[in-house]
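Have a look at the structure below before the remarks.
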Amino acid sequence: MAELRLDCLGEACPVPLLKTQKKMEGMKVGDILVVEIDHSCAMKNVPEWARKEGHNVEIEEVDDGQWEIYIEKTK
Amino acid sequence: MALKNNVYYKKFLKEPWSYTAGAVVLAALNIGMFASTGKPWGVTSPFATWAAKIYQSMGGHPETWAYFKSAANAEALKNSIWLDLHSVSDIGIIFGALLATLLASQFKIKKIKSVRQVIAAILGGLLMGYGARIAFGCNIGALFSGVASMSLHGWVYMIFIFLGAWAGSKLLVKYFM
């Protein structure tokens, strides 16, 4: 049950999504990935992709225009 | 109750709209623009005009170039940008985007992550700008307004922009990630 962080601050689409997809591949079921983003379009496409894959997703706005997306790998 | 917790504030100003809502608003605005001015929406032509005006102010003569010999481009270059529909709408987009991000309380100056990111941005910008000029439009002027005008060129553009995006994303993954 590891918690990993992925720093995507300053990165524009589609880089955060591609990095998240790559990182999730190497994770075990139950692991949590925290993706740090400050690009509002990544706030839409990263959670959308993760939910479609069936993972548990939560978004937290940690600062003005900055978010952390929590993704729990479920399969 | 604080404004930031208000359900309507969240729905309309804070959270992203659905793709469907965005599409409907864009379509309505494009119809409105076409109905009131006789021109459909476009974005990239003014960039060439603005750059040519800057070049003129430095003593250059872009008006002798083939591109600025065409009637529409020659007129845009001669007139003030405030008389050009698409220049004004571009400025509106920039200020509208600023207003939207301020209203959502999401304004942020982003840090530049690496030299590689700068190179990718400059290369991407040059390719998009060059492509948009030789294709006589971008994904708005050539694709969105083209398809909406029942013109075949919009559909041809769509096929090739998919191929370009596919090739571009391969390059992005290979060299810039």
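Each chain gets a letter, A, B and so on, in the order the sequences are listed, and its residues count up from 1. Computed over heavy atoms, backbone and side chain alike; hydrogens, waters and symmetry mates excluded.
- Contact between B:Asp84 and B:Pro46 at its shortest, heavy atoms only, is OD2-CG, 3.9 Å.
- Other residues, nucleotides and ligands contribute more than 12 heavy atoms inside 6.0 Å of the OH atom of B:Tyr67.
- The shortest distance between side-chain heavy atoms of B:Val147 and B:Tyr157 does not fall below 4.5 Å.
- Taking non-hydrogen atoms and a 4.5 Å limit, the residue list of residues 8-34 of chain B in contact with chain A, ordered by number, reads B:Lys14, B:Pro16, B:Trp17, B:Ser18, B:Tyr19.
- The side-chain heavy atoms of A:Leu18 and B:Ser169, taken from C-beta on, include no pair separated by under 4.5 Å.
- Heavy-atom neighbours of chain A within the stretch residues 99-118 of chain B, taken at a separation under 4.5 angstrom, comprise B:Ser105, B:Gln106, B:Phe107, B:Lys108, B:Lys110, B:Lys111, B:Lys113, B:Gln117.
- B:Val43 is listed as a side-chain neighbour of B:Asp90, based on a closest heavy-atom distance under 4.5 Å.
- Between A:Met24 and A:Gln21, every side-chain heavy-atom pair lies at or beyond the 4.5 Å cut-off.
- The closest side-chain heavy-atom distance from B:Leu123 to B:Tyr175 is not below 4.5 Å.
- Using a 4.5 Å heavy-atom cut-off against chain B, the contacting residues of residues 58-75 of chain A are A:Glu61, A:Asp64, A:Gly65, A:Gln66, A:Trp67.
- Legend: residues meeting salt bridge (Lys or Arg N to Asp or Glu O under 4.0 Å) with A:Arg51, ordered by chain and number and at least two apart, are absent.
- At a threshold of 4.5 Å between non-hydrogen side-chain atoms, the residues B:Met128 and B:Cys138 do not count as touching.
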